[in-house]
Asker: 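A single structure is presented below for examination.
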Amino acid sequence: ALTTAVIQTGVRATSSELMSPADKLERVNEYLWQGCTGDQFADLCQISVNHDSGQVTYSSAGSVALLHITANGIQELNIDQTGPELGVMDYGEYENQCCIAQKGEFLVALTENSLDSIEGKSRQDKIRKIQRTVGKGSRLSAADMIKRLRKLTLNLVEADASIVVIKRTS
């Protein structure tokens, strides 16, 4: 609970500032490093969306899987591009990455425990299972996408697992 409270405080403190997602992660990491007694780690993905251009800028700390679901399939955006978990060290080296989301496309962020709860031997098997379950996605509402993803994670028992769904509608 303390880790969550410190991270929430860090996210709120940076929410009104014009900062890149990577800079926000670095600041939240500072909050966690200074506000906890140690041995407190967390995964977090910061996403910024430009509504006019559809440009998505993102940065990840830890093992968050970020999927871009398009009519052509699923692309995992942050393969080997994540920074260290928050709280591992007093500074974090996080990088911004970008993609363009077109109308009807989704971004889906799954924490490590959420992805682990999907049946499959490998990460690619799990992503293929997501692809079969959601199809091309564009005809789905965000609520329908969440329902389909939840069906894949029925054996999820971890309290620290999250799935975030973002759909570009214009």
Asker: Please say which of V134, I74, V165, L107 ends up in a side chain to side chain contact (heavy atoms under 4.5 Å, CB included) with L67.
Answerer: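 Exactly one candidate clears the test, I74.
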Asker: Output the distance between atom CG (L152) and atom CG (L115), rounded to the nearest 0.5 Å.
Answerer: 10.5 Å
Asker: So K129 and D125, do their side chains get closer than 4.5 Å, heavy atoms only?
Answerer: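 No. Closest side-chain heavy atoms not under 4.5 Å.
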Asker: Provide the closest heavy-atom pair for E85 versus N29 in the form atom of the first, atom of the second, distance.
Answerer: O-OD1, 4.2 Å
Asker: What distance do S60 atom OG and I47 atom CD1 have between them, rounded to the nearest 0.5 Å?
Answerer: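 Interatomic distance, S60 OG to I47 CD1, rounded to 0.5 Å: 7.5 Å.
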Asker: Please say whether more than 12 non-hydrogen atoms of neighbouring residues, nucleotides or ligands are located less than 6.0 Å from CD in E76.
Answerer: yes
Asker: Is E93 atom CD crowded by more than 12 heavy atoms from other residues, nucleotides or ligands, each under 6.0 Å away?
Answerer: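 No.
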Asker: Of all heavy-atom pairs between M19 and D23, which one has the smallest distance, and what is that distance?
Answerer: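 Smallest heavy-atom distance, with atoms named: CE-O, 3.7 Å.
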Asker: With side-chain contact (heavy atoms from CB on, under 4.5 Å) as the criterion, how do L149 and I130 come out once you've worked through the C-alpha distance, each side chain's angles and the decisive distance to 0.1 Å?
Answerer: CA-CA 7 Å; L149 292 170; I130 293 170; 3.9 Å; yes
Asker: Between the side chain of K126 and the main-chain N/O of I118, is any donor-acceptor distance below 3.5 Å?
Answerer: yes
Asker: Closest approach of A109 and L66, non-hydrogen atoms and distance?
Answerer: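 What the structure gives for the nearest pair is CB-CD1, 3.9 Å.
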Asker: Work out which heavy atom in L25 is nearest to a heavy atom in A61; give both atom names and the distance.
Answerer: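 Looks like CD1-N, 3.8 Å.
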Asker: Judged by atom type as modelled, is there a donor-acceptor pair below 3.5 Å linking the side chain of S59 to the main-chain atoms of E95?
Answerer: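 Yes, because the side chain of S59 sits within donor-acceptor range (under 3.5 Å) of the backbone of E95.
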Asker: At their closest point, which heavy atom of T169 faces which heavy atom of K103, and how far apart are they?
Answerer: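 Scanning both residues, the minimum pair turns out to be O-CE, 3.4 Å.
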Asker: Identify the heavy atoms of L86 and Y94 that sit nearest to each other, and give their distance.
Answerer: CD2-OH, 3.6 Å
Asker: So does S162 get a backbone contact from the side chain of S114, meaning a donor-acceptor N/O pair under 3.5 Å?
Answerer: yes
Asker: Got a second to check how far D43's CG is from L110's CG, nearest 0.5 Å?
Answerer: 12.0 Å
Asker: Could you state the interatomic distance from CG (L44) to NZ (K24), rounded to the nearest 0.5 Å?
Answerer: 11.0 Å
Asker: Is any side-chain heavy atom of T70 closer than 4.5 Å to one of Q75?
Answerer: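 Q75 vs T70: side chains apart.
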Asker: Quick one: does Y58's side chain have a donor or acceptor within less than 3.5 Å of a partner on L77's backbone?
Answerer: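 Yes, because the side chain of Y58 sits within donor-acceptor range (under 3.5 Å) of the backbone of L77.
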Asker: Can a donor-acceptor pair be found, under 3.5 Å and without considering hydrogens, that links the side chain of S48 to the backbone of P21?
Answerer: no
Asker: So if you build clusters from Ile, Leu, Val, Met, Phe, Trp, Tyr with side-chain heavy-atom gaps below 4.5 Å, do V64 and M145 land together?
Answerer: no
Asker: What distance do H68 atom NE2 and Q102 atom CD have between them, rounded to the nearest 0.5 Å?
Answerer: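 It comes to 7.5 Å.
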Asker: Going from CD1 on I69 to CD1 on I166, what distance comes out if it is rounded to the nearest 0.5 angstrom?
Answerer: 11.5 Å
Asker: Do R148 and L140 have side chains that approach each other closer than 4.5 Å (heavy atoms only, starting at C-beta)?
Answerer: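 In contact.
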